[in-house]
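Since the structure comes first, as structure tokens, the remarks are kept for the end.
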2 protein chains.
Amino acid sequence: MKPTPPKLSQVQVSPEDPRPRKRRNRAPNSGPTGPAHWLIRSNVSIGERLYKKIRTSIIELDLLPGTPISENAIAQLEGVSRTPVREAILRLAEERLVEVVPQSGSYVGRIPVSALPEAMLSRRALEMMLIKTATARATRDDWQQLEAHLALQADVACMDDIAGFHHLDDEFHELIGRIAGLPRVWEHVQEIKVQMDRFRRLTFAQAGRMDLVVREHTTIVEELKAGSQERAAKEMATHLTGLRSYIAKGVAQNPQYFIIDIDLDNLPESVV
Amino acid sequence: MKPTPPKLSQVQVSPEDPRPRKRRNRAPNSGPTGPAHWLIRSNVSIGERLYKKIRTSIIELDLLPGTPISENAIAQLEGVSRTPVREAILRLAEERLVEVVPQSGSYVGRIPVSALPEAMLSRRALEMMLIKTATARATRDDWQQLEAHLALQADVACMDDIAGFHHLDDEFHELIGRIAGLPRVWEHVQEIKVQMDRFRRLTFAQAGRMDLVVREHTTIVEELKAGSQERAAKEMATHLTGLRSYIAKGVAQNPQYFIIDIDLDNLPESVV
DNA sequence: CTGATTTATCTTGCATACCAGTTAATGTGT
DNA sequence: ACACATTAACTGGTATGCAAGATAAATCAG
């Protein structure tokens, strides 16, 4: 198959190398220079693609918590080698979406219960800051974008398109982050709320609640337009509070999907 | 060493395999089960070790932003193969501590300027929530721990041990997170503030400010003991605000260390 | 039939090899 | 001298193979 020529290079040639190189090495590590900024290559490596694909499968519960996943199996299924698969798995393990047990197996990460109330509180704190800042900075153009988005939400809510509505919900909060001039904060919120999202999908169908969400969004936008930071923040807090009372019940129904690392009867209190 | 039996397995045997296996395969993927929880192995893989080592070097500025780093060079230096090195580099690239340019080279990540004000605002929002919650929940035992830590801080501040003081500073904020019953939130804050820490080390020596920090910490603890959530939060905000006015100057001094992705003359405002 | 032991076959961790693409020293033509 | 094509030596992305540990089926001892 492979001729495998005698490849003794790779090793560093000694200074007295009898065969003087015709071409000199290229300048090695000549101090801090940074990458050539004029060419930013697109990162569409196999590993990146697999990461996004598996991540979506986990978040949307195509893969239930605790399901064994095998690097080999995925590699065969996708027709690639284990290397990019492993790259994706390791990234997912870092955000606790996958649990890797060395020499034994990997599993879709169970939801750490302690992450749920903390994520809710963190998200609320950050998004209250975002809505205050957005209220202070929003232009009339921003108002229009927000209202157009609200109309879109109402449309999709009518059609009972849960997945589509979930996407729009994220987009709405992202828009507020952009208006606040703090888009990275929304990215952090997204990382924080991953386990919350999985919990929600596991426990309630969330159908019928879409109208309520649109109403709350509408109220938030109204307060934003009125320029009242505190009231807008209060509405945002109302919009994001909750969940806490559902945790104990949700965990009790399907304990195999969770890592119960805190006392379910004594969940962290919320202080607004 | 090892007889290495004819290992033609690995491939899936066809159903009509003339040599029926004496041992059957072990049950494959029999539904969600989760890992064997009774044995939690320590994760001291080479990749993990390298990740922490390189990360520390970057954060503590042993490696300046923009410095080229080579997977091969590190692998040789550490006496391991490229695989675990690559694993570490990829993790670092995710938190923007390394910039990877495919087929060209990798570099210590330059500091994205836009991350600085956003990190400060996020941290402030989260830590204000933490101190309020901690104030509400703290027991007399917690008070003692806090005061003991303040004494420790004062000691180290006297000795001009900057690195040690930085560590204690982090520990103080971590303690507040624990008292609030929300330790994961502090972990998130740590991720958020990485670029801020690098900026600080790049621009000011921070010497002489240690006494001020200890005084501010002391004030915060006093308000916590008094049980006044709002005042404690206000002191925390004061403690964490700042930096903004230094950004433009710091970037101007060493522009090669930064990714200037926002308008330096129009940094995001702070809304408390 | 029950419980301990063996063993085939899994798993992930790491090493190695190869590839395509980038880069910069070099050679060459003008 | 200077512009330009050439090309050796690098880069990170991927494929593959082996090793050590874990696990459950198969086997054996009682």
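Nothing here was measured: the structure is a model prediction, and the numbers come from that model. Below, read A as the first sequence line, B as the second, and so on, with proteins coming before strands; counting in each chain starts at 1.
- One finds a side-chain N or O of A:Ser70 lying less than 4.0 angstrom from the OP1 or OP2 phosphate oxygen of C:dT11.
- Take A:Arg124 and apply the side chain to side chain donor-acceptor pair (under 3.5 Å) test, not counting sequence neighbours, and it matches A:Thr241.
- Phosphate contact (OP1/OP2 of C:dT12, side-chain N/O of A:Ser106, threshold under 4.0 Å): present.
- Residues passing the side chain to side chain donor-acceptor pair (under 3.5 Å) test with A:Glu174, sequence neighbours excluded: none.
- Residue A:Ile46 places its side chain closer to D:dT14 than to any other of D:dG12, C:dT12, D:dT14.
- For the pair B:Gln76 CD and D:dC10 P, the interatomic distance rounds to 11 Å; values are reported in whole Å.
- Within residues 81-89 of chain A, the residues that have a heavy atom under 4.0 Å from DNA chain D are, in order of number, A:Ser81, A:Arg82, A:Thr83, A:Pro84.
- B:Ser81 pairs by the side-chain contact (heavy atoms from CB on, under 4.5 Å) definition with B:Thr83, B:Pro84, not counting sequence neighbours.
- Atoms CD (B:Glu78) and C1' (C:dA15) sit 16 Å apart, rounded to a whole Å.
- Residue A:Ser104 places no side-chain N or O under 4.0 Å from the OP1 or OP2 atom of D:dG21.
- Within 3.5 Å, a donor on the side chain of B:Gln103 pairs with an acceptor on the base of D:dG12, or the reverse.
- A salt bridge links B:Glu78 with B:Lys53: at least one charged nitrogen is closer than 4.0 Å to a carboxylate oxygen.
- Of the residues near DNA chain D, A:Gly79 and B:Glu71, the one whose nearest nucleotide (by heavy atom distance) lies more toward the 5' end is B:Glu71.
- By the salt bridge (charged side-chain N to carboxylate O under 4.0 Å, His left out) test, A:Glu94 pairs with B:Arg91, sequence neighbours left out.
- Under the side chain to side chain donor-acceptor pair (under 3.5 Å) criterion, B:Asp62 pairs with no residue at all, not counting sequence neighbours.
- Following rounding to the nearest Å, B:Arg49 (CZ) and C:dG13 (P) show an atom-to-atom distance of 15 Å.
- Side-chain nitrogen and oxygen atoms of B:Asn72 include none within less than 4.0 Å of the OP1 or OP2 phosphate oxygen of D:dC10.
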